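Written out below as structure tokens is the structure these notes cover.
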Amino acid sequence: MTLTDDRPRVGTTTIRTRRTNQNRRRAWIQRVRQVPTHVILIAICLAWTYPFVWMISTALKQSGDIFNLDLIPTDPTFENFARAWDSANFGQYTFNSVVVSVGSAVLVVAVSALAGYALGRGNMPGKKIIVGVLVATMFLPKGYTILPVYILINALGLNNTLFGIVLAEAGPAHIVGILLFMGYFSQIPRDLEEAAIVDGAGYWRIFLRIMFPLATPVTATVFIFNFISGWQGFLIPLVFTLGAPELRTTGVGMFSFFGEYSVDWTGLAAGAVISVVPIIIVFLFMQRYFIEGIAGAVKG
Amino acid sequence: MRSAQVAGSSQNREVQQVTPVSSTSSVRAARPTKAESLAARMWQYRWQYLFVAPMIVLFIAFTLWPMVASWVYSVFDWSGYGPLQNFVGLDNFDSAFRDPLFWNAFKNTAIFAAFAIFVQLPLALIVAVVLNDNALKGRNVYRILLFLPVVTTTAVVGVVFAILLNPSGGPINEFLLSREFLDRPINFLGSTELALPTVLVIDMWKGIGITIIYWLAALQTVPGELYEAARIDGANKVQQFARITVPLIVPIGIVILLLTFITSMNAFDIIKVMTDGGPNGATDIVQTYIYRYAFDPEGAPQFGFASAVGILFGVAVMLLSSLPMLLRRRRRTQIGPAPTNGDER
């Protein structure tokens with residue numbers, strides 16, 4: 001720093017060098033000032049990730065090694081995964097979770113895209129009433145309506161079927177999706193439609209070929225949102241698989257595995273890894289859509 | 001006809017501007033009565049109604065009907081099977097009010113809400129303010145790590161923590177014992193005093209990531225120039241936060257408060273997995289209470305009673321969650337329309 005000051009040069013160069021050095025110094029000071037913040041944040045993040053690290057490490061340990069606090073397994077094994085996948089049925093549970101999550105996400109996207117398009121463009125009579133009722137129910141708690149939904153799914157003959165779970169998950173979950181699609185479709189300029197009409201396209205074709213593809217970002221957000229909440233679902237799959245253990249999703253499977261084999265920690269850890277790794281991978285790849293969806297829901 | 005209804009589907013608010021090009025123009029020219037013109041307009045929008053239909057069906061079946069049905073079940077003594085015939089009036093509500101276990105569950109549910117609002121919400125705001133600093137390196141990594149528990153299945157989180165906290169050999173107790181912080185292991189989930197605080201903290205571990213994202217979204221609505229101006233005026237960070245950030249994020253903050261409150265009412269998953277309401281009712285919440293009577297009864301299921309409790313719960317939540325909305329409306333009338341008003345979307 002002082003070097004430049006000691007060696008006099010042509011005026012402008014000296015000033016420029018001094019400036020960049022000052023900037024560099026300021027950036028360095030700022031970085032030093034951030035150190036305490038980083039220390040606290042790293043400590044918090046360690047507490048937030050420890051259970052995940054523990055779960056992976058225990059899943060790889062021999063069952064005799066579980067009381068060892070080291071996170072690196074001495075003699076790693078995949079035997080726990082095999083046991084969880086086959087004997088504890090996590091293979092089947094993972095399949096069920098995929099069906100339920102994809103099924104309910106597809107259903108919600110389809111229903112809310114159609115409704116969002118119809119409500120977002122044009123003033124159909126009754127539009128205001130429909131939107132008003134939707135927004136009003138958004139803030140009602142849905143937890144306690146599980147009983148009538150159970151009776152309804154039962155009456156439809158869908159209890160103990162995966163489709164019943166899909167329907168019960170997707171049935172009440174479309175309001176935010178509709179609002180997102182509505183907002184998006186209402187911003188698309190009219191010219192596009194008019195050009196399509198001139199070309200002889202009907203309402204359905206305009207939607208399917210032009211409007212729905214344009215709304216891909218919203219579709220991705222709504223899909224990811226419902227995929228993740230479908231994967232996380234617990235109460236609904238729990239209630240609807242009371243009589244059909246083979247239809248359990250990973251969450252419910254984990255719960256019953258815990259109830260029956262609460263001492264098999266390595267097996268439980270392997271089951272936990274099988275249950276959460278797919279959803280974490282999906283989240284990491286799609287996190288932009290997911291986080292934007294959440295943020296949008298608050299700001300909207 | 002086709003062109004007419006597509007023109008009608010435009011953004012135009014005034015119907016008169018939607019000039020039908022072909023066949024409907026004759027209808028309009030004849031100055032139809034009100035009913036006729038409504039019918040004509042509805043016919044014009046028939047595709048829209050078709051598009052809305054699946055949503056309406058699901059809405060009626062899974063949102064509207066369940067609400068009505070809960071009220072109906074609640075006045076019957078009913079096991080969930082067979083005809084509804086044993087009408088008991090308000091007896092179910094009465095026996096809920098008389099049951100100390102109901103009040104215990106209600107109290108624990110309120111504790112969950114209070115913890116979420118008075119602990120989780122402010123902590124999340126602090127973290128969000130720290131992470132909102134553009135100069136902070138690695139803030140996206142921190143954000144993702146704090147968010148990870150949100151996407152994981154609650155049931156899995158519950159099982160993993162139940163093992164971590166296990167008094168006989170669980171890693172957390174083992175660690176505390178090996179460093180001689182403790183003489184004997186703590187039974188976190190098995191003691192009536194510690195079970196509820198433990199579950200509260202784990203619920204926060206699981207859910208705070210989403211509250212942080214909410215707050216970050218709120219903070220990003222504050223224009224950066226305001227901070228610039230405040231800095232020039234010599235305001236320090238705390239003053240900037242108190243004088244600029246807080247007033248500007250209050251409208252969204254109320255929505256976040258509401259969302260956090262409603263989420264805290266849904267602690268069923270974590271409780272069911274970790275303690276099932278125990279020990280001795282110490283962590284029993286209204287949802288686990290309802291579940292026990294409807295799906296996991298000692299004798300015959302009591303759907304009527306469970307529905308009555310569900311209604312009491314639903315009404316209480318609704319009343320409480322309408323409070324911030326009322327506050328928000330009052331603010332809005334005082335300071336004009338809030339910038340984050342979603343009603344007109």
Side-chain angles (χ1 to χ4, degrees), chain A residues 30 34 37 41 45 48-49 51 54-55 67 69 111 114-115 117-118 121-125 137 139-141 143-145 147-149 152 171-172 174 179 182-183 186 190 193 197 202-203 228 231-232 234-235 239 250-251 254-255 258 265 268 272 275-276 279-280 283 291 294-295 298-300, chain B residues 2-3 6 8-11 38 41-42 45 47-48 51-52 54-55 58 61-63 66 69-70 130 135-136 142 145-146 151-156 159-160 163 169 171 174-175 213-214 217 252 255-256 262 265-266 268-269 273 287 294-295 303 306-307 310 313-314 317-318 321 340 342 345:
Chain A
Q30 203 173 20
Q34 281 180 4
T37 317
L41 281 173
C45 284
W48 251 247
T49 44
W54 176 85
M55 145 196 335
F67 295 120
L69 287 177
V111 169
L114 288 173
Y117 181 57
R121 300 184 78 78
N123 271 325
M124 53 194 272
T137 50
F139 291 104
L140 290 181
Y144 72 97
T145 53
L147 304 172
V149 168
L152 177 73
H174 45 248
L179 294 180
M182 234 176 85
S186 69
R190 256 175 82 186
E193 256 166 345
I197 294 161
Y203 193 77
I228 290 182
W231 193 278
Q232 289 185 316
F234 182 66
L235 177 60
V239 167
T250 51
M254 194 71 196
F255 173 60
F258 185 53
W265 288 1
L268 281 163
S275 311
V276 301
I279 200 71
I280 287 181
F283 164 69
I291 289 180
I294 293 171
V298 181
K299 285 190 218 164
Chain B
R2 184 187 285 145
S3 52
V6 177
S9 71
S10 74
Q11 283 169 281
L38 181 67
R41 273 179 60 211
M42 286 177 74
Y45 285 106
W47 271 100
Q48 267 94 335
F51 270 42
V52 175
M55 179 272 280
L58 282 186
F62 288 98
T63 307
S70 296
V130 172
L136 187 76
Y142 291 131
L145 289 180
L146 291 173
V151 292
T152 51
T153 318
T154 314
V156 175
V159 170
V160 167
I163 297 176
E174 284 296 299
F175 174 78
I213 299 293
Y214 289 155
I252 307 187
V255 176
I256 298 174
I262 288 179
M265 293 283 103
N266 282 318
F268 175 83
D269 299 10
V273 173
Q287 286 176 321
F295 298 108
F303 260 58
S307 298
F313 176 59
V317 173
M318 211 184 65
S321 49
T340 55
R345 268 255 278 260

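All of these numbers come straight from a predicted model, not from anything done at the bench. We name chains A, B, ... by the order of the sequence lines, and we start the count at 1 in each one. FYI, side chains are in, hydrogens and waters are out, and symmetry mates aren't considered; it's all heavy atoms of this structure.
- Your options are A:Ile279, A:Val239, A:Thr250, and the one with the most heavy-atom pairs under 4.5 Å with chain B is A:Val239.
- When every heavy atom of A:Arg121 is checked against every heavy atom of B:Gln48, the shortest pair comes out as O-NE2, 3.5 Å.
- Only the side chain of A:Leu268 comes within contact range of chain B, with at least one heavy atom under 4.5 Å from a heavy atom of that chain.
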message: Under the criterion side chain to side chain contact (heavy atoms under 4.5 Å, CB included), I'd like the reasoning laid out for A:Phe258 against B:Val156: C-alpha separation, chi angles, the key distance, then a yes or no.
response: CA-CA 10 Å; A:Phe258 185 53; B:Val156 175; over 6 Å; no
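- B:Val151 has its side chain out of reach of A:Trp231: every pair of non-hydrogen atoms, C-beta onward, lies at least 4.5 Å apart.
- Ring geometry for B:Trp47 versus A:Tyr203: interplanar angle of 30 to 60°, hence tilted.
- When side chains are defined from C-beta on, B:Asp269 does not count as touching A:Gln232, because their heavy atoms never get closer than 4.5 Å.
- Pairing each heavy atom of A:Gly171 with each of B:Leu58, the nearest pair is O-CB, 3.9 Å.
- Heavy-atom pairs under 4.5 Å with chain B peak, among A:Val111, A:Thr49, A:Ile228, at A:Val111.
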field: Verdict with reasoning, B:Val52 to A:Met124, per side chain to side chain contact (heavy atoms under 4.5 Å, CB included)
entry: CA-CA 11 Å; B:Val52 175; A:Met124 53 194 272; 4.0 Å; yes
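- In this structure, B:Thr154 and A:Phe234 have side chains that are not in contact, with every pair of non-hydrogen atoms separated by 4.5 Å or more.
- Across all non-hydrogen atoms, the minimal contact from B:Ala61 to A:Leu152 is O-CD2, 3.5 Å.
- Here A:Ala115 is the residue among A:Ala115, A:Ser275, A:Gly251 with the most heavy-atom pairs under 4.5 Å with chain B.
- Distance check, rounded to the nearest 0.5 Å: CD1 of A:Ile280 to OG1 of B:Thr152 gives 6.0 Å.
- Of the inter-residue distances, the one linking B:Tyr142 atom OH with A:Leu41 atom CG reads 5.0 Å to the nearest 0.5 angstrom.
- Contact count against chain A (heavy-atom pairs under 4.5 Å) is highest for B:Val159 among B:Val159, B:Thr63, B:Val130.
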